[in-house]
Amino acid sequence: MTTPVLQARGLVKRYGKVTALAGSDLELLPGEILAVIGDNGAGKSSLIKALSGAVIPDEGEIFLDGDPVTFSTPIDARRAGIETVHQSLAVSPSLDIAANLFLGRERRRRGVLGSVFRMLDRNGMREEARRQLDALGIMTIQNPGQAVETLSGGQRQAVAVARAAAFGSRVVIMDEPTAALGVRESRAVLDLILQVRDRGLPVILISHNMPHVFEVADRIHIQRLGRRKAVVDPKSVSMSDAVAIMTGAMEPPAA
Amino acid sequence: MTTPVLQARGLVKRYGKVTALAGSDLELLPGEILAVIGDNGAGKSSLIKALSGAVIPDEGEIFLDGDPVTFSTPIDARRAGIETVHQSLAVSPSLDIAANLFLGRERRRRGVLGSVFRMLDRNGMREEARRQLDALGIMTIQNPGQAVETLSGGQRQAVAVARAAAFGSRVVIMDEPTAALGVRESRAVLDLILQVRDRGLPVILISHNMPHVFEVADRIHIQRLGRRKAVVDPKSVSMSDAVAIMTGAMEPPAA
Amino acid sequence: GNGGGSSGGGTLVGLVTKTDTNPFFVKMKEGAQQAASSSGVTVQSFAGKQDGDNQSQVDAIENLIASGAKGILITPSDSKAIVPSVDKARAAGLLVIALDTQLEPASAADATFATDNYKAGLLIGQWAKSKFAKENKQAKIALLDLNPNQVSVDVQRDQGFLEGFGVDVKDKNRIGDEADPRIVGHDVTDGAPEGGRTAMENLLQKDPGINLVYTINEPAAAGAYEALKAAGKEKDVVIVSVDGGCPGVQNVKAGVIGATSQQYPLKMAQLGVEAVAKFAKDGSKPQNTDTGVTLVTDQPADGVESKDSAWGLQNCWG
Amino acid sequence: MTAVVEERDRSLLTRVQHVLHAQATIGPAVVLLASVIVFALLSERFLTPGNISLILQQVAVVGTLAVGQTIVILTAGIDLSCGAIMVLTSIVMAKVAAETGMPGLPALLLGFVVGTLCGLLNGVLVTRLKLPPFIVTLGTLNVFFALNLWYSGSATIRGTDMPSLLLWTGQTLNIGGTRITYGSILLVLLVGAMAFVLKNTAWGRHVYSTGDDLEASRLSGIRTARVLLSVYATAGLIYAVAAWTLIGRIASASPQAGQMDNLDSITAVVIGGTSLFGGRGAIVGSLLGALIVGVFRNGLALAGVDVLWQTMAVGVLIIVAVSLDQWIRKVKP
Amino acid sequence: MTAVVEERDRSLLTRVQHVLHAQATIGPAVVLLASVIVFALLSERFLTPGNISLILQQVAVVGTLAVGQTIVILTAGIDLSCGAIMVLTSIVMAKVAAETGMPGLPALLLGFVVGTLCGLLNGVLVTRLKLPPFIVTLGTLNVFFALNLWYSGSATIRGTDMPSLLLWTGQTLNIGGTRITYGSILLVLLVGAMAFVLKNTAWGRHVYSTGDDLEASRLSGIRTARVLLSVYATAGLIYAVAAWTLIGRIASASPQAGQMDNLDSITAVVIGGTSLFGGRGAIVGSLLGALIVGVFRNGLALAGVDVLWQTMAVGVLIIVAVSLDQWIRKVKP
Ligand SMILES: Nc1ncnc2c1ncn2[C@@H]1O[C@H](COP(=O)(O)OP(=O)(O)OP(=O)(O)O)[C@@H](O)[C@H]1O
Ligand SMILES: Nc1ncnc2c1ncn2[C@@H]1O[C@H](COP(=O)(O)OP(=O)(O)OP(=O)(O)O)[C@@H](O)[C@H]1O
Ligand SMILES: [Mg+2]
Ligand SMILES: [Mg+2]
């Protein structure tokens, strides 16, 4: 059996009286797209927050390429090569698009200006941002120097997705990346996800959109009531069965 | 020809240099579900914000049952019987679910307690809230006394949808009501939209989810670059053609 | 006795000052503490948070009554508004002595140990008048007051100075209603050097010919001097002030301040503590005492009694 | 071994935290109780009925201001001008009565009107110009204070020149041997009434909702501008009540008073557990907050602590009390 | 007819608005220019080189504080303790030098260290206890102030007892016939350096981003706690520089100084167009804000306006300046 790139075992996360994760497992295999589906409140976001260092789980273990790791901040996860698009987007409204793309990993200028005066390479970052957005096909964004607060919800989401795709080196996690996107923009994101996978990077995709999930996923992780209820193969399970398992209307097939 | 319940003509809305609406029209006929589709940034939210009094258009007219109206606040639109679920949800995080459902139209107790001391009928409102949520099939919400900030994104959306459905008396407008919802919850919202229509109320539904749109819509308004590009009949136009019109890849059929 | 405060000999004396930042009141506190150890009583001190803070003083009086103090020494922030609280203290059997500033009416306190602030102003005004008359100079006067609130010390010193100088002050209870053309203007300093400097700078801009500066206290005077020095006018301008603190008297000696009216906060506090100690022993009440004010200058003027800075330094308070 | 013990300790702490969290204003209440116990141990004079009544009197003015400040802060605002409004209205009440011989009741009502108008001005600036309340009240603070000095001529008005109604708040009522001033009683009644209104009326909900998320409230059909106007005007009225209490307390009206009361009232509100970001908090907490500061000042004074260290203690108290309150709230599901 | 004229007027106004909006700090610059013009018309002495230099000197202390205050406010914080930190450090520098005979440079550096530590304490409380900065600095304000009184014994230290380095900021440099103090020059350099850092370094971006949305910044991989700590510590260091300027200005170190400077520095920052909600604003604006207040005070004094009305004018100024700035910003696409 191949070692999972990213693995979680028995994750528990409680918020006061609410138990968001009740001992959840997860395995992400090399080069696959793993979709995570589940009802609202099933603990999907909580699960990937734990994997990306955004929250510290109360119990449970996380393994990266088989080695146990602990992420106490999002930076730890990022250092390990895990990039995440959070459901809440995590962009800085008053900064421009380029600044948001490079937030926390700004490029400095060459020479003394960069090393001594620590000056940013604004133009370089703008150009690179332009390239990334073009690659995503976000045509409606005209100028990477525009402040993010002036973008529509969908445009903002595109910025967050572009960032994760550009910088992920080991795992890319996307929490409902197409929720606010238009048809064309969703298409672009799905293509991007496939591209990322083709680069050899495994992707975790959380989505409520079953056609999308069944189109791109290699395996589907079904989350229910804070636990992994089943992992199914989209080629052998129908959409309605997956939904039935998700809502508890059907027991998962014995793997 | 039947008089449209709600009609907009030549609406223009500019935000500084950005023109969100460039002379947009809209007609909502009695008892129909009108879907509004369009790319991100096409001006869908701006359009319905103008119709619901949330923004004041720079130019253009709005007619209600054929009579010109001006909405300068959301209250004006609400008074006229127009209820809206905004994309940003518009809920008060620290208040509980019941309080949010009845926000701005609280019920008072009977007798002196209500008329003189202006006391709220807390229990009455909680029970009513419970009923509304049950009708929507939002099972994961256990207690209408729970603060909205403790709900998941999808649960919050359910609260906003329940509010509009419960109080709309002339028009119900929903801006991407299922964006954050799970499969089952989305189903419940679609059923609710159909129910509302069956009550005789026309509904405007903004959505990026084409299967949903084609399932429930009576007519589809296609918004492009701040204008109404076309209105199509879902029974005579295919999904891919609608998308092609929306993205500008195809000209609309001559009506 | 209980607690740290009321252990020394059982007699507790309260000292309530206007602020605890102004060195004048800090010295008063020290004087009281010294007198306390020699009289075998305990002093507990309170202060307002800023000039004019009447409420903190009211609270302090009440807390002292509750603590079982025998007497209260107070420099009132608002000499009228504090009276009802003082009445309460006296009704509870405490001896109340006003220090430095009289109550209004003065009879509201059992006794007043104070300098006459009006007289302090008057002395420096007379001194300046005599000096300018001798040198046959036409005065152009800047007045650097405390703050816009027209508190009594501020008013008394300012108006005393002007009357001493021979200016018609019109309403004696109001700063700034004079019409005398020799007055260039008033500005406020908060009684601190930074305020003194800014006020002086602005008034100098208004009229660079200013040659006589009245200041509410010596810190303000020090700030005003810096402004004059920066403008190269320190030699041509006479500064007068009130207080007689050691840094102030040193400034008199150094020629920064022409004359200052020295007051004696240590003495006020010492006499006050002793009076309360005596009252606690035998119930006798003290008489009003003027703790005096002395003009300190190294350039004595005709017809105004004064001491030199050497004497001033021996008698200064900190 | 140690790990196990630690585990048990932590769970005990957590259990305490849970119990404390059950009630909303329990945080400040615990702090108040703890400080009362400590000071009672330090000085036997502390827990006498006379001293308790004293503390109540001493917090009456700041406590009343804190009621107005609380509703402003609940809307995510802040009112730096509260002290200035109070002083201005106290001068108006007293001077009009003293100089024109106006009877007590109309003078008092005139003061209430002035206070309400001052608050309304703040509200108009906040809602029409859409300026942050911090900036508006920083500006009006100076304006009201200058008006106060100008109108009063910086002169204090004596209680003996005023009608007795203006001084009524300083009169005492004998309740079971303890003498309580009407000013303190007024404060308690005001807190009760405002707590009722906030909890049980639509207006109260709209205040919370507006502070929570202004835009969401507007879209939900709340007339947020009207809510804000009414909050600032009501706060102004409450500051005028504080002015009445102030006159009774010092038996005179002083234009110098109240300059520090801005920060003091905010201190009471934040110690009382109301969030400066709006939408969360309770009036009763603010009363407790004012009492905590009052108990500290009084207790430290009785213990003979120098003012210098009292100042420092209050600084530390603010931080500790608010931290504790936040710790207790953390349980929130 | 009138309607047409109105329409034309409005579009002219709108065009003015657009032109003004082109530059970020144009709002405060316009206010500054307008007030300079008005005061120049009111008094011919106003626009002399000497008076300009004077205004620069008068705003040097508050302006320097405002630089530190700005970076704190950019992170959506507020620093009520800045005046107290400044006074405490000025006393430390001066007293250590005067009493132990420590030379100027180590005394100055010691002061810088103390200022930085005070700021760091604020930062630690904000980041570790997760308390609102308003509350933290309201608490430490009292603590630092008490420390200042305790350490200084409330005694002023005279300039003549200090090494000349501490007084250097009060020395003047002759630039083209106008005498500028080194304190003013220091302020301009500081503004320039901080503006550069905020605009051109990653740290600067992280400051804006942290103030804009703390949680989003954290999720984006910014060490927000470290950014906040560094901001408060840097602000503390800048307040220590302000202390140096203060000593030079009054040629002494006084424990009474700077008590009003908290609100004054915040006033400068908000007039300068920085948002109290964080994430938006610029250092240059704060310098302009400080200059606007300085010009007003100086100009009104030259015009012979009573201090009472000066107080009122500053109140009105705050509201008008910030309204104008917001109006100009409204064009924002
Ligand atoms: N910060 C928090 N505080 C309190 N409760 C929380 C918090 N975050 C999540 N929860 C609760 O934990 C549960 C799981 O939430 P989570 O966001 O992980 O669900 P989800 O599967 O992502 O749902 P959705 O599809 O709606 O995004 C929910 O009941 C939610 O209310
Ligand atoms: N408050 C605002 N300020 C500035 N620009 C705005 C504002 N609201 C919307 N816009 C701009 O107007 C255009 C239309 O926005 P709108 O939100 O109406 O689009 P939409 O069709 O709803 O998009 P989406 O599908 O992403 O929700 C966008 O370019 C957006 O950036
Ligand atoms: Mg989620
Ligand atoms: Mg939209």
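Every chain is numbered from 1 and lettered A, B, ... according to where its sequence line falls, protein lines coming before strand lines.
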Measure the spacing between [atom1] of [X] and [atom2] of [Y] and express it to the nearest 0.5 Å.
| X | Y | atom1 | atom2 | result |
| --- | --- | --- | --- | --- |
| Leu263(E) | Leu141(D) | CG | CG | 7.5 Å |
| Leu131(E) | Gln326(D) | CG | CD | 5.0 Å |
| Thr311(E) | Phe144(D) | OG1 | CZ | 14.5 Å |
| Phe277(E) | Phe277(D) | CZ | CZ | 10.5 Å |
| Leu308(D) | Trp150(E) | CG | CH2 | 9.5 Å |
| Trp309(E) | Leu149(D) | CH2 | CG | 9.0 Å |

Which atom of Ile135(D) lies closest to which atom of Ile319(E), heavy atoms considered: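 Looking at all heavy atoms of both residues, the closest pair is O-CG1, 4.4 Å.
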Worked check of side chain to side chain contact (heavy atoms under 4.5 Å, CB included) between Asn142(D) and Met312(E): CA-CA 5 Å; Asn142(D) 289 296; Met312(E) 182 171 251; over 6 Å; no
Given heavy-atom pairs under 4.5 angstrom as the criterion, report whether the side chain, backbone, both or neither of [X] touches chain E.
| X | answer |
| --- | --- |
| Ile271(D) | neither |
| Ser275(D) | neither |
| Leu138(D) | both |

Pick from Val320(E), Leu125(E), Thr267(E), Asp306(E) with the largest number of heavy-atom pairs that fall under 4.5 Å of chain D: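 If we count pairs closer than 4.5 Å to chain D, Thr267(E) comes out on top.
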Given the options Ala313(D), Gly139(D), Pro132(D), which has more heavy-atom pairs under 4.5 Å with chain E than any of the others?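 Heavy-atom pairs under 4.5 Å are most numerous for Gly139(D).
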Given that the side chain runs from C-beta out, which part of Leu317(E) has a heavy atom under 4.5 Å from chain D: side chain, backbone, both or neither?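 For Leu317(E), no heavy atom lies under 4.5 Å from chain D.
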Do the side chains of Leu129(E) and Trp327(D) get nearer than 4.5 Å, heavy atoms only?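 No, too far: nothing below the 4.5 Å cut-off.
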